[in-house]
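Presented below is the structure to which this report refers.
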Amino acid sequence: MNIAFVGAGYVGLVSGVMLSNLGHSVICLDNNEDKVNDLNNNILPIYEPGLADYLEKAKINNKLSFKTNYDLSLTSIKVFFIAVGTPSLACGRADLSYVFSTIDSILPFAQEHSVIVIKSTVPPGSGKVFADYITKKSNKVLHLVVNPEFLREGSAVHDFLNPDRIVLGCTSDYAFQVMLDVYTSFVQQKVEIINTSTTTAELIKYASNSFLATKIAFINEMADLCEATGSNIKELSHAMGLDHRIGKDFLSAGPGFGGSCFPKDLLALTNIARELGVDAKLLNAVIHSNGMRSVNIVNKVKAILDGDLTNKKCAILGVTFKAGTDDIRSSPSLEIIKKLREQNAVITIYDPVGMPKAQELMPDLIAANSALNACIGADIILIATEWQEFVNLDFKQIYDKMRLHIIYDLRNILLDKKLSEIGFKYYSIGTQHE
Ligand code: UGA
């Protein structure tokens, strides 16, 4: 099938590359000329494990192309996916202007019975508005589908190939059948396909992200209780997760959730609830609780360092919002860095893949070219992202380079016993320390 993706950002790029590997012919459109040139030279604009191989394979098979301009090649397209950004407006509402302008650009090329698929995360009710807009603006019979995506950065290729479900909010049976053809290999694998309204599909996406964020906020609160009671969060998470009604995923306590999705989607959903007169107490509490993580962590660092952060040297290992990505958007690490600096701490950062983006955002920070170099002369190390590289560090060597010997492991990835034997004072999330 001939498919187009508009927006070669994270969602559009991964989905476009992967759908072309399922045998479809895919054109990806993006208005960023540099990005398109890079992609035509097989250079990815994002760090995503495994994606480069699939990009190359699709190109070799002539199944994938990238371009900046809408042109007549689009008249053979059956399904147009829209995967442009829906950033938060100052009021918290999602900005849908990019979706509308994309629809405007697509309409001259859409053929009778083309299907327009919204991949971008949009508030409940938007699909209906888009469908009305399309009907008003075009005299052809077109179909609208809302098809939210559930890929995680860092494991997007795996997630694409192993979906838990595919959600299709359809405006017609015809559109549903076309989408079954798009996802035919998953239909054959008996992946559950949810055929629902556009509004329910939109809410499923927000509800799923909000629920996962709630799970994280919950376990972080349990971590605080573990610290207060002398219990152990890892054992608690493990034991809770064994209950299949709870499930083991998203129960890792840490510095709070970040990234381009959870914070934005929670904000949008609470905003929608407010506008509709629904009292979203729980979701508001989750936002508040997550916002307090960095405050509490910095307070603890201060307490560990005798109540004064002035000129205390903090080595921050990890700036990305989680491991496996170079994305630093709404990264808890950055929030912690900002707050430490407000109290005059001296910060050195290191991240295996996030340095270019971090340095672009904070050019005045001291950037080290290795974890070891970041720790030279440091009073405390904060492990802010769960990179495997940090687990494998030579901590004996690091010990000799530091001024004080303190580690605060915000991701609970290191071993207390091993570090204590070396002589470190080790702190983690959700265990009691004197
Ligand atoms: C999230 C969802 O998991 C995807 O299903 C969804 O498609 C995506 O948002 C989106 O809406 O586009 P992502 O933001 O890539 O994916 O990352 P997650 O793996 O969900 O992690 C989000 C944040 O939660 C990270 O900061 C991570 O460190 C944190 N987290 C995650 C925890 O603190 N503890 C956990 O147990 C799991």
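Counting starts at 1 for both ligands and their atoms, following the listed order.
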- Message: The criterion is ring pair (Phe, Tyr, Trp, His ring centres under 6.0 Å); which residues satisfy it with Phe160, sequence neighbours excluded?
- Response: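 Here the qualifying residues are Phe186.
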- Contacts of type ring pair (Phe, Tyr, Trp, His ring centres under 6.0 Å), residue Phe100, not counting sequence neighbours: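 If we apply the ring pair (Phe, Tyr, Trp, His ring centres under 6.0 Å) test to Phe100, skipping adjacent residues, the hits are Phe130, Tyr133.
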List, pair by pair, the atoms of ligand 1 and of the protein that are both N or O and lie under 3.5 Å apart, giving the separation rounded to 0.1 Å.
from: ligand 1; atom 1: 5 (O); to: Phe150; atom 2: O; distance (Å): 2.8
from: ligand 1; atom 1: 7 (O); to: Glu149; atom 2: O; distance (Å): 3.4
from: ligand 1; atom 1: 7 (O); to: Phe150; atom 2: O; distance (Å): 3.4
from: ligand 1; atom 1: 7 (O); to: Leu151; atom 2: N; distance (Å): 3.0
from: ligand 1; atom 1: 7 (O); to: Leu151; atom 2: O; distance (Å): 2.7
from: ligand 1; atom 1: 7 (O); to: Lys205; atom 2: NZ; distance (Å): 3.4
from: ligand 1; atom 1: 11 (O); to: Lys205; atom 2: NZ; distance (Å): 2.6
from: ligand 1; atom 1: 11 (O); to: Asn209; atom 2: ND2; distance (Å): 2.8
from: ligand 1; atom 1: 12 (O); to: Glu149; atom 2: OE2; distance (Å): 2.9
from: ligand 1; atom 1: 15 (O); to: Glu153; atom 2: N; distance (Å): 2.7
from: ligand 1; atom 1: 15 (O); to: Lys322; atom 2: NZ; distance (Å): 3.4
from: ligand 1; atom 1: 17 (O); to: Lys322; atom 2: NZ; distance (Å): 3.0
from: ligand 1; atom 1: 19 (O); to: Lys322; atom 2: NZ; distance (Å): 2.8
from: ligand 1; atom 1: 26 (O); to: Gly258; atom 2: N; distance (Å): 2.9
from: ligand 1; atom 1: 26 (O); to: Phe321; atom 2: O; distance (Å): 3.0
from: ligand 1; atom 1: 28 (O); to: Phe321; atom 2: O; distance (Å): 3.4
from: ligand 1; atom 1: 28 (O); to: Arg411; atom 2: NH1; distance (Å): 2.9
from: ligand 1; atom 1: 34 (N); to: Ser252; atom 2: O; distance (Å): 2.9
from: ligand 1; atom 1: 36 (O); to: Leu251; atom 2: N; distance (Å): 3.3
from: ligand 1; atom 1: 36 (O); to: Ser252; atom 2: N; distance (Å): 2.9

- Message: Regarding Tyr183 and Asn147, do their side chains bring together a donor and an acceptor under 3.5 Å, going by distance alone?
- Response: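 There is such a pair (donor and acceptor under 3.5 Å, judged by atom type) between the side chains of Tyr183 and Asn147.
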- Does Phe321 have Arg329 sitting over its ring (NZ/CZ under 6.0 Å from centre, angle to axis within 45°)?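 Ring-cation test returns no.
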All N/O donor-acceptor pairs, side-chain side in residues 357-365, below 3.5 Å, sequence neighbours left out:
from: Lys357; atom 1: NZ; to: Asp326; atom 2: OD1; distance (Å): 3.4
from: Lys357; atom 1: NZ; to: Asp326; atom 2: OD2; distance (Å): 3.2
from: Asp364; atom 1: OD2; to: Arg341; atom 2: NH2; distance (Å): 2.8

- Note: Lys312-Asp379 ion pair, threshold 4.0 Å (strictly below):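 Salt bridge absent between Lys312 and Asp379.
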